[in-house]
J.: 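One structure coming up, written as structure tokens, with questions to follow.
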There are 2 protein chains.
Amino acid sequence: MDIIISNSSGEPIYNQISSQIKTMILDGRLKEGDALPSMRSLAQQLRISVITTKRAYEELERDGFIESYTGKGSFVKAQNTELFREEQLRLIEEMLSNVCDKAKLCGIELDELREILEIVYGGQ
Amino acid sequence: MDIIISNSSGEPIYNQISSQIKTMILDGRLKEGDALPSMRSLAQQLRISVITTKRAYEELERDGFIESYTGKGSFVKAQNTELFREEQLRLIEEMLSNVCDKAKLCGIELDELREILEIVYGGQ
DNA sequence: TAAATTGTATATATCTTATATACACATTAT
DNA sequence: ATAATGTGTATATAAGATATATACAATTTA
């Protein structure tokens, strides 16, 4: 499992893990029923504590992405992608609203924002 | 001084204060040389500790927005608005990049993002 | 059924946020 | 001049979030 964590980013490690796994589930790299690495093996691989991987998995379980069974392991659940899309849209709207606030504050026009958006969306 | 703080937002109080004062400086409500409310009076008004207002003012001082003098008070400095604009542009680009990552993850097209951007920029 | 592997729970350490209190400097009223 | 008040500053402390070590419980496997 390719997970990369940064200690300097300021984002909690358990969040980095759960969001990367979320991404893998949503883009199809992980499918319904697939087994996740055990909390211990992932912790060992990332050189962090089991408690931290557990917290990441708890977050994924709370959000309906996986299920864990004592003694067996953790597995990807069936996804409601449409519901997730709606949730993401709400988040994106909020983020764009923050961008607009920042922009207006120093006189950045809508056109300029549109340009930046197109550039960062297009490339990568 | 009209400053509104929220205890439930999750954003640190000192950040809420400093960012609102930054806004006032940048949109012209506060001008070079203007005196800020004393740390004590602002703390009293917001029913928070002096240490918290001090931390907000320290942040503003570190970012070059104000200067504080023991016994006298805190005052707005001359602004380099062009430099600030450049910094904000970098931040905005980063935020838009995050938006695009989120969008691609659940199949949201550039057109849809553009629409949302226009809506949240236009109204308010 | 014993050993190994899995998830879980408890107690602890460190950092960030927010605070109370006491201190140092400048202005103002006497 | 100087005492009183108002200003910013420094130290010690409390509460919450993040990450950990260690021991416990359930399942699988040899």
Side-chain angles (χ1 to χ4, degrees), chain A residues 1 3-22 24-25 30 32-77, chain B residues 1 3-22 24-25 30 32-77:
Chain A
M1 167 122 350
I3 290 183
I4 297 160
I5 60 174
S6 156
N7 293 313
S8 57
S9 78
E11 196 190 353
I13 294 175
Y14 60 79
N15 248 323
Q16 297 182 44
I17 295 172
S18 57
S19 76
Q20 286 180 50
I21 293 181
K22 259 186 216 172
M24 293 185 201
I25 294 175
L30 285 173
E32 178 180 355
D34 282 358
L36 295 177
S38 78
M39 296 177 182
R40 268 183 186 70
S41 62
L42 184 60
Q44 199 167 19
Q45 175 194 329
L46 299 178
R47 298 167 196 285
I48 58 175
S49 161
V50 186
I51 292 95
T52 304
T53 52
K54 173 169 174 51
R55 183 151 179 191
Y57 281 26
E58 277 175 342
E59 208 170 270
L60 289 167
E61 198 158 5
R62 178 173 50 68
D63 294 349
F65 285 93
I66 69 172
E67 262 172 340
S68 296
Y69 306 94
T70 302
K72 295 184 66 176
S74 302
F75 305 88
V76 177
K77 277 177 63 175
Chain B
M1 165 123 353
I3 289 182
I4 297 161
I5 60 174
S6 156
N7 293 315
S8 58
S9 78
E11 198 191 351
I13 294 175
Y14 60 78
N15 248 323
Q16 297 183 44
I17 296 172
S18 57
S19 75
Q20 286 181 49
I21 293 181
K22 259 185 216 173
M24 293 186 202
I25 294 175
L30 285 173
E32 178 181 353
D34 282 358
L36 295 176
S38 79
M39 296 177 184
R40 268 184 187 71
S41 63
L42 183 60
Q44 198 166 22
Q45 174 194 329
L46 300 178
R47 299 169 196 285
I48 58 175
S49 160
V50 185
I51 292 97
T52 304
T53 53
K54 174 171 174 51
R55 183 151 178 191
Y57 280 25
E58 276 175 343
E59 207 169 271
L60 289 167
E61 198 158 5
R62 176 174 50 71
D63 294 350
F65 285 92
I66 69 172
E67 263 173 339
S68 295
Y69 306 94
T70 303
K72 295 184 67 176
S74 301
F75 305 88
V76 178
K77 277 178 63 175

J.: Counting distance only, does the side-chain N/O of B:Gln45 pair as donor-acceptor with the main-chain N or O of B:Pro37 below 3.5 Å?
T.: no
J.: For D:dG6, does the base pair up with any side-chain atom of B:Arg40 as donor and acceptor (N or O, under 3.5 Å, distance only)?
T.: no
J.: Please state how far atom CG in B:Leu42 lies from atom P in D:dT7, giving the value in whole angstrom units.
T.: 12 Å
J.: Using atom types as modelled and distance alone, determine if a side-chain donor or acceptor of B:Gln16 lies under 3.5 Å from a backbone N or O of B:Ser6.
T.: yes
J.: Are OP1 or OP2 of C:dT17 and a side-chain N or O of B:Tyr14 less than 4.0 angstrom apart?
T.: yes
J.: Looking only at side-chain N and O atoms, does A:Lys54 come under 4.0 Å of OP1 or OP2 in C:dT8?
T.: yes
J.: When you compare the side chains of B:Ser38 and B:Ser41, does any donor N or O come within less than 3.5 Å of an acceptor on the partner?
T.: yes
J.: Looking at A:Ser68, I'd like to know whether one of its side-chain N or O atoms comes within less than 4.0 Å of OP1 or OP2 on C:dT6.
T.: no
J.: Within the pair B:Arg55 and C:dT17, is there a side-chain N or O less than 4.0 Å away from OP1 or OP2?
T.: yes
J.: Write down the distance between CD (B:Gln44) and P (C:dA18), rounded to a whole number of angstrom.
T.: 19 Å
J.: Rounded to whole angstrom units, what separation is found between the CD atom of B:Glu58 and the P atom of C:dT17?
T.: 13 Å
J.: Rounded off to whole Å, could you give me the CD-to-C1' distance for the A:Gln16 and D:dA19 pair?
T.: 13 Å
J.: May I have the distance from B:Met39 (atom CE) to C:dT19 (atom P), rounded to whole angstrom?
T.: 15 Å
J.: Between C:dT5 and A:Ser41, is there an OP1 or OP2 to side-chain N/O distance shorter than 4.0 Å?
T.: no
J.: Tell me whether the side-chain N/O atoms of B:Ser38 come closer than 4.0 Å to OP1 or OP2 in D:dT7.
T.: yes
J.: Does A:Arg47 have more than 12 heavy atoms from other residues, nucleotides or ligands lying within 6.0 Å of its CZ?
T.: no
J.: For A:Glu59 and D:dT18, give me the distance from atom CD to atom P, rounded to whole Å.
T.: 9 Å
J.: So, OP1 or OP2 of C:dT19: does either fall under 4.0 Å of a side-chain N or O from B:Thr52?
T.: yes
